[in-house]
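Each remark here refers to the structure printed beneath this line.
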Amino acid sequence: SSHKDLEPGEFVAGIRWEEERYPEGIKWKFLEHKGPVFAPPYEPLPESVKFYYDGKVMKLSPKAEEVATFFAKMLDHEYTTKEIFRKNFFKDWRKEMTNEEKNIITNLSKCDFTQMSQYFKAQTEARKQMSKEEKLKIKEENEKLLKEYGFCIMDNHRERIANFKIEPPGLFRGRGNHPKMGMLKRRIMPEDIIINCSKDAKVPSPPTGHKWKEVRHDNKVTWLVSWTENIQGSIKYIMLNPSSRIKGEKDWQKYETARRLKKCVDKIRNQYREDWKSKEMKVRQRAVALYFIDKLALRAGNEKEEGETADTVGCCSLRVEHINLHPELDGQEYVVEFDFLGKDSIRYYNKVPVEKRVFKNLQLFMENKQPEDDLFDRLNTGILNKHLQDLMEGLTAKVFRTYNASITLQQQLKELTAPDENIPAKILSYNRANRAVAILCNHQRAPPKTFEKSMMNLQSKIDAKKEQLADARRDLKSAKADAKVLKDAKTKKVVESKKKAVQRLEEQLMKLEVQATDREENKQIALGTSKLNYLDPRITVAWCKKWGVPIEKIYNKTQREKFAWAIDMADEDYEF
DNA sequence: TGATAAGACTCAGAAAAGTATAC
DNA sequence: GGTATACTTTTCTGAGTCTTATC
């Protein structure tokens, strides 16, 4: 099928993600589902598991006990030692205590949760030791639950729901230095739940003895269920899986917007370079910020309410303290040194040579400011995006990330793929291209705990393989010598088989070495996020087709489901 | 009407669960 | 051939972006 140049939503018979157009803003006509699955009720601890306060056994009321178990389960984790975590936890825990408990338990440090903690560890261990039959039984129950609650009907399709289970109560763990860490995430009840479905659908029934907060029929949104969470007061949603029509189509649209940017990006770049010279400070700031977003793939950087979240920034919210200007550094002129915490408190550290004009502008923006002042004091994401909207319909700051990620993949694949390499080497090239994007987008991960060890294991495998290969070569050599003397069919055959053995070992060795390189280069880099969210999957599909690499080598089952639209659509000459 | 808050959606890495491989 | 370990996939839910509603 060659309909690669269709616009999103354009009609092609028989292909589900191109099936139907809706009027502006309408997301569906029919929606029916069974509602959410609630967290299992709290099971009180056995009598034998004791809690001690100030060295003395103390029986806790069920509510206080439940919250105590949340803490006990996290005892091994670093954040139970953090001041803020402990303070927040203790404050919320006390709210769940009876008056009597409140009078006794006044100091968290005097609480001894070790028995609880050991009890849960033993339970985890027991779960691992379960018999095959018991494990199978649990698996079957999960499948039954998925079958009943994990799907919905949206228009003419049965679609997988992403998160049909309600988040269980527990202690909030933010990322980085979150001021609310340790607070109690309360149990969500049917009375908190808003159900969204179509008027002609069967409304899901709430658990016996309960009522929904509300049932609404809003086909301008895609969610099925929502509730308000108690830590930040924000709304949580149950939505569809990425394999669904509604998500797939949106994903496609995202990449089409990025492709439209490709057509006008040169013009936009010229424009912001002009704007570096503007008389208006606001315009200059906008132009420098946009330059960063384009060149460095920074996020937009919305304002955040102070004290409500970890202190992280994006481009527009950068502060003076986050950059350092070096007129000269390591033989390069006009270097900007970035050091700040971005989304999820992941550190962004980069030394970037910039154009003189950008450098001079930054000096100007920083004049007479304190470290904690905004670098771009005349700019925010609203102003920036409004400007971008004028440059291209649908253009916002994040489109630059998508565009630069995808174009980088395409370029890198072109550059790195050697036509006569074998499949494993091709896959290494793909991973390297993917890695270039992950580095651009600053997608990092904590090095795996067993990284050093697993590297050493791999190295010893390589060494062993090298020895095998040396042996095989020696054998081949002596077989050849024999053949030279004897010249009979039998010895010739032996030479052939020894040759094959050497070849096979060479291939195996090469595969291992490739694996080692790949793993080493990947130590602190997370490839998943870019693969899933930034790279136009059609580039990958085309590359696989062009070089005969099976798509399964690049995308696993879930990823193939998510990118089904692209796998169907792109042929080998697709260009982003 | 424009600033702000609420709402809806995408994107994020850690951890748990599942599977393959080594021993 | 069974079990421990390593590696991969899935789940989880927090943290962003951007749009829409509200005062």
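Throughout, a chain's letter reflects where its sequence line sits, starting with A, and its residues are numbered from 1. All values below were derived from every heavy atom in this structure, side-chain atoms included, with hydrogens, water molecules and symmetry-related copies excluded.
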Starting at atom [atom1] of [X], determine the distance to atom [atom2] of [N], rounded to an integer number of angstrom.
X       : N       : atom1 : atom2 : value
L527(A) : dT8(C)  : CG    : C1'   : 13 Å
L341(A) : dG16(C) : CG    : P     : 10 Å
N385(A) : dC18(C) : CG    : C1'   : 7 Å
Y79(A)  : dA14(B) : OH    : P     : 11 Å
R445(A) : dG13(B) : CZ    : P     : 11 Å
K236(A) : dG16(C) : NZ    : C1'   : 13 Å
Q232(A) : dA15(C) : CD    : P     : 6 Å
F164(A) : dT10(C) : CZ    : P     : 15 Å

Out of [options], which nucleotide sits closest to the side chain of [X]?
X       : options                   : result
Y534(A) : dA12(B), dT17(C), dA14(B) : dA12(B)
R173(A) : dA15(B), dA15(C), dC18(C) : dA15(B)
K27(A)  : dT13(C), dG7(B), dC9(B)   : dC9(B)
K343(A) : dC11(B), dA14(B), dA8(B)  : dC11(B)
R175(A) : dT13(C), dG7(B), dG13(B)  : dG13(B)
N556(A) : dG16(C), dT10(C), dG13(B) : dT10(C)

Look at all strands and tell whether [X] reaches a base, only sugar-phosphate, or nothing, counting heavy atoms closer than 4.0 Å.
X       : answer
T312(A) : sugar-phosphate
P168(A) : sugar-phosphate
K128(A) : nothing
R401(A) : sugar-phosphate
G301(A) : sugar-phosphate
T222(A) : sugar-phosphate
G382(A) : nothing
K185(A) : sugar-phosphate
R160(A) : sugar-phosphate

Do [Y] and [X] meet the salt-bridge criterion of a basic N to acidic O distance under 4.0 Å?
X       : Y       : answer
E321(A) : R319(A) : yes
E256(A) : R538(A) : yes
K34(A)  : E148(A) : yes
E66(A)  : R187(A) : yes
K180(A) : E308(A) : yes

Q: Between R216(A) and N142(A), name the one whose nearest nucleotide on DNA chain B is closer to the 5' end.
A: R216(A)

(Q) Judged by each residue's nearest nucleotide on DNA chain C, which is more toward the 5′ side, E303(A) or T558(A)? (A) T558(A)

(Q) Assuming nearest nucleotide by heavy-atom distance, tell me which of A310(A) and E167(A) is located more 5' along DNA chain C. (A) E167(A)

Please confirm whether the shortest side-chain N or O distance from [X] to OP1 or OP2 of [N] is below 4.0 Å.
X       : N       : result
R299(A) : dC11(B) : no
H443(A) : dA12(B) : yes
K254(A) : dC11(B) : yes

Q) Between the base of dC9(B) and the side chain of K250(A), is there a donor-acceptor distance below 3.5 Å? A) no

Q) Counting distance only, does the side-chain N/O of N163(A) pair as donor-acceptor with the main-chain N or O of Y237(A) below 3.5 Å? A) yes

